[in-house]
Amino acid sequence: MSFQVYNSLTRKKQPFEPIDAGQVRMYNCGPTVYGRAHIGNLRSFLFADTLRRWLEHEGLEVKQVMNITDVGHITADADQGEDKLDAQARKEGRDPWKISEQHTEEFLADLAALDFLEASIYPRATAHIEEMLEMIDGLLEKGHAYRAGDNVYFDVSSFAEYGKLSGNKVEDLAAGARIDVLEEKRAPADFALWKSDPAHLMKWESHFGPHGFPGWHIECSAMARTHLGDRIDIHTGGEDNIFPHHECEIAQSEAFTGEPFANYWMHAKFLQVDGGKMSKSLGNVYTLSDVESRGFRPRDLRFTLLRGHYRQPLNFTWAIMADSARALAKLDDLVTRLKRIADGQEGAAEATAGEDLVRAAKQAFRAAMNDDLNTPPAIAQLFGLRDHAVQECLGSAAAALALEFLAGVQGALGILDMQEESLDQETQDIFNERIRARENKEWARSDKLRDELLERGIVVEDTGGRTVWRKR
RNA sequence: GGCGGCGUAGCCAAGUGGCUAAGGCAACGGAUUGCAAAUCCGUCAUUCACCGGUUCGAGUCCGGUCGCCGCCUCCA
């Protein structure tokens, strides 16, 4: 059973085989830090996190690089282009370095709140200016780039494979260009490697001039090469990155090294909100803060985003978030039940009863994940397992096996709550007191204690002859 | 205009030529319960946007129509 991934480059699913056996070099296109990440950004990064988790689940060692673009993307075509960071800095009247620093911290905090595994490194574009210049010089030497004053452009005509990722043809691009072509460019499709502008806020002195800054695409090529080498296994991003960003990265990197850049390109589809696109004018560009202020946990968002396949458009609504929270409660219940069964408190009499059911669920889960990270049917297996637990089909040994399986699921998806929870002594005393009150049928007193516990965030349930508690 | 994706029950979402179309939520009926909450049992798509075609057989392949989404130098 091998891991099949959909490769945007070949437009089909193929078995994943790393360049070096047992090791994966993965580059995730990260955020441009001029504002707070929204749930659409988070979907794309969650896909990268899931991919990394699954590769590790399958026993591979992953070096994961997620870049932080902290210098603006200026579009290639001069003054009509907008540098997001530069623009934001002017708008706020603040230092762009401060802005990027603030949003970088915010971004990493969002990832942590959502239980993302920490990447091996989060390189900053501004810390790789030298490496970018090195590549630009190399491209000039090899005739893949040319200077126009203090600017440097990549010569698309020098790279025959330009368009192999996106399927675009250079001729069609020229015809569809929305922005007037700069005189100094030799061809409309050529893109900037290095630009110069005295008015720019973030700029670097180089042999191209005193007021330079990098083009949009070169930072990823340089950072990937610096941290992962000339050839990498996987490069990810949102579907919008396919063109021009990734197409240009391929051109730069492969023209520079003369070798294939990334073997697998994987892209996440855009998240939709209320059946349509997210847009500022509709006011539906939500962030993790919005999610939390509506009373949802980061975990609810994580689950919602994993309920759809990463390559399908996913529709986000607040109703679905509520739906997810309820579904997660069922999975929490599964964990609790399995623990009780494993302890012999309930379940089938024979310890090994249902082991085959657990093994089948585990295998189906793995098969789904191995099919290009098909998380929806993988998650469905958990509910199937829950049915078996509820119907008392599982014995203590089977439950222990199931818990082991769920630990693996947690490693891969990060949506479960496996924590061993306990009450502090005071709360435990109130809880015990309530049980005594109920035994004595002191209903008023019992209800008062129940309210007290609720204030402490503990929900009490009198179920099936025993009283149990859970958080929230 | 060029290129690509999608349209499955009230909502979300699997399924990519072949047994009775996964799973979740909601809804409805019942059980249980001091109350409450939770839980449990059951019901819930003769049909896959629409129209044609290929095939012994199609949600799955082909053509057309309608709708939504994305890219074509801001975007995850």
Side-chain angles (χ1 to χ4, degrees), chain A residues 8 11 13 28-32 34 37-48 72-77 80-84 87 163 166-169 171-179 181 188-192 215-217 236-245 247-248 267-272 275-278 303-304 307-309 311-317 319-331 333 337 364 368 374-384 387 390-391 438 441-444 446-447 450-451 454 459-465 468 470:
Chain A
S8 303
R11 290 182 183 74
K13 278 187 204 169
N28 309 130
C29 257
T32 301
Y34 64 92
H38 58 247
I39 55 177
N41 299 130
L42 295 173
R43 177 191 201 191
S44 163
F45 302 133
L46 177 60
F47 149 63
H73 293 161
I74 187 138
T75 58
D77 291 328
Q80 293 197 46
E82 182 189 50
D83 177 326
K84 292 286 189 190
S166 62
N168 286 328
K169 294 189 181 67
E171 313 85 73
D172 296 341
L173 290 174
R178 290 192 299 212
I179 292 178
V181 174
D190 290 352
F191 56 92
W216 170 20
H217 317 294
T236 73
E239 60 170 330
D240 56 309
N241 281 153
I242 293 172
F243 192 89
H245 188 49
E247 193 73 66
C248 293
H267 297 94
K269 272 278 188 300
F270 264 36
L271 181 71
Q272 292 181 224
K277 68 170 103 176
M278 243 189 331
F303 185 72
T304 297
R307 289 176 74 180
H309 186 255
R311 232 159 14 80
Q312 290 295 121
L314 176 70
N315 189 21
F316 177 95
T317 63
I320 295 161
M321 283 292 287
D323 182 316
S324 292
R326 283 186 288 264
L328 274 176
K330 295 272 176 84
L331 293 182
D333 179 60
R337 276 174 199 268
N374 200 353
T375 49
I379 290 170
Q381 287 306 316
L382 305 182
F383 289 94
D387 287 342
V390 166
Q391 289 157 7
R438 275 192 91 239
K441 299 197 190 306
E442 300 170 44
W443 306 128
S446 160
D447 290 351
R450 181 168 66 196
D451 291 343
L454 192 60
V459 178
V460 181
E461 292 167 10
D462 306 306
T463 173
V468 297
R470 63 185 165 85

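This one's a predicted model, so the numbers in the text were calculated from it and none came from an experiment. Labels below follow one simple rule: chain letters A, B, ... track the order of the sequence lines, proteins then strands, and each chain is numbered from 1.
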Base B:rA76 to side chain A:His38, donor-acceptor N/O within 3.5 Å cut-off: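 Check passes, donor-acceptor contact within cut-off.
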Between the side-chain atoms of A:Asp323 and the base atoms of B:rG24, is any donor-acceptor pair under 3.5 Å?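 It does, because a donor-acceptor pair links the side chain of A:Asp323 to the base of B:rG24 below 3.5 Å.
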For RNA chain B, whose closest nucleotide is more 5', that of A:Ala378 or that of A:Phe45?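 That would be A:Ala378.
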Using the closest heavy atom to pick a nucleotide of RNA chain B for each, name whichever of A:Ile242 or A:Gly30 lands nearer the 5' end.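 Counting from the 5' end, the first nearest nucleotide belongs to A:Ile242.
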Base paired to [N] (Watson-Crick or G-U; both N/O distances under 3.5 angstrom):
| N | answer |
| --- | --- |
| B:rA37 | none |
| B:rG57 | none |
| B:rC68 | B:rG5 |
| B:rU32 | none |
| B:rA27 | B:rU43 |
| B:rU73 | none |

By the 4.0 Å heavy-atom rule, please label [X] as base, sugar-phosphate, or nothing.
| X | result |
| --- | --- |
| A:Leu314 | sugar-phosphate |
| A:His267 | nothing |
| A:Gly275 | sugar-phosphate |
| A:Gly237 | sugar-phosphate |
| A:Ser324 | nothing |
| A:Ala268 | nothing |
| A:Met278 | base |
| A:Asp447 | base |

According to the 5.5 Å centroid and 30° plane-angle thresholds, does A:Phe270 stack upon the nucleobase of B:rA76?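 Ring-base stacking flag set for A:Phe270 and B:rA76.
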Answer yes or no as to whether B:rG34 has its base stacked against A:Trp443, where stacking requires a ring-centre separation under 5.5 angstrom and planes under 30 degrees apart.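 Answer is yes, a stack.
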Check: protein-nucleotides 36-39 of chain B nitrogen or oxygen pairs below 3.5 Å:
residue: B:rA36; atom: N6; partner: A:Asp462; partner atom: O; Å: 3.3
residue: B:rA36; atom: N1; partner: A:Asp462; partner atom: OD2; Å: 3.3
residue: B:rA36; atom: N3; partner: A:Arg450; partner atom: NH1; Å: 2.8
residue: B:rA37; atom: N1; partner: A:Asp462; partner atom: O; Å: 3.3
residue: B:rA38; atom: O2'; partner: A:Glu461; partner atom: OE1; Å: 3.2
residue: B:rU39; atom: O3'; partner: A:Arg337; partner atom: NH2; Å: 3.1

Ignoring the backbone of A:Pro376, work out which of B:rA13, B:rG34, B:rC41 is nearest its side chain.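 Nearest to the side-chain atoms of A:Pro376, counting from C-beta on, is B:rA13.
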Give the nucleotide from the list B:rA26, B:rA76, B:rC12 with an atom nearest to the side chain of A:Arg326.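 Out of B:rA26, B:rA76, B:rC12, the nucleotide with an atom closest to A:Arg326's side chain is B:rA26.
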Would you confirm whether A:Arg450, through its side chain, and A:Glu461, through its main-chain N or O, come within 3.5 Å as a donor-acceptor pair?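 No, A:Arg450 side chain to A:Glu461 backbone: no donor-acceptor pair under 3.5 Å.
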Under the 3.5 angstrom rule, does the side chain of A:Asn28 hit a backbone N or O of A:Ala48 as a donor-acceptor pair?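 It does not hold such a pair.
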Rounded to whole angstrom, note down the [atom1] distance from [N] over to [M].
| N | M | atom1 | result |
| --- | --- | --- | --- |
| B:rG10 | B:rG64 | P | 30 Å |
| B:rG59 | B:rU46 | P | 13 Å |
| B:rA9 | B:rC51 | P | 15 Å |
| B:rC69 | B:rU32 | C1' | 47 Å |

Please identify each residue that fulfils salt bridge (Lys or Arg N to Asp or Glu O under 4.0 Å) with A:Lys330, with sequence neighbours left out.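 For A:Lys330, no residue satisfies salt bridge (Lys or Arg N to Asp or Glu O under 4.0 Å) once neighbours in sequence are set aside.
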Non-hydrogen side-chain atoms of A:Phe316 and A:Met321 separated by less than 4.5 Å: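 Contact flag for A:Phe316/A:Met321 side chains = yes.
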What class does the angle between the rings of A:His245 and A:Trp216 fall in, given that below 30° is parallel, 30 to 60° is tilted and above 60° is perpendicular?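 Geometry flag for A:Trp216 against A:His245: parallel rings.
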Pick out the pairs of N or O atoms, protein on one side and nucleotides 15-18 of chain B on the other, that lie under 3.5 Å.
residue: B:rG15; atom: OP1; partner: A:Asn374; partner atom: ND2; Å: 2.8

Whether the A:Thr375 and A:Arg307 side chains hold a donor-acceptor pair (N or O, under 3.5 Å, no angle test) is what I'd like checked.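 On atom types as modelled, these side chains do not qualify, holding no pair under 3.5 Å.
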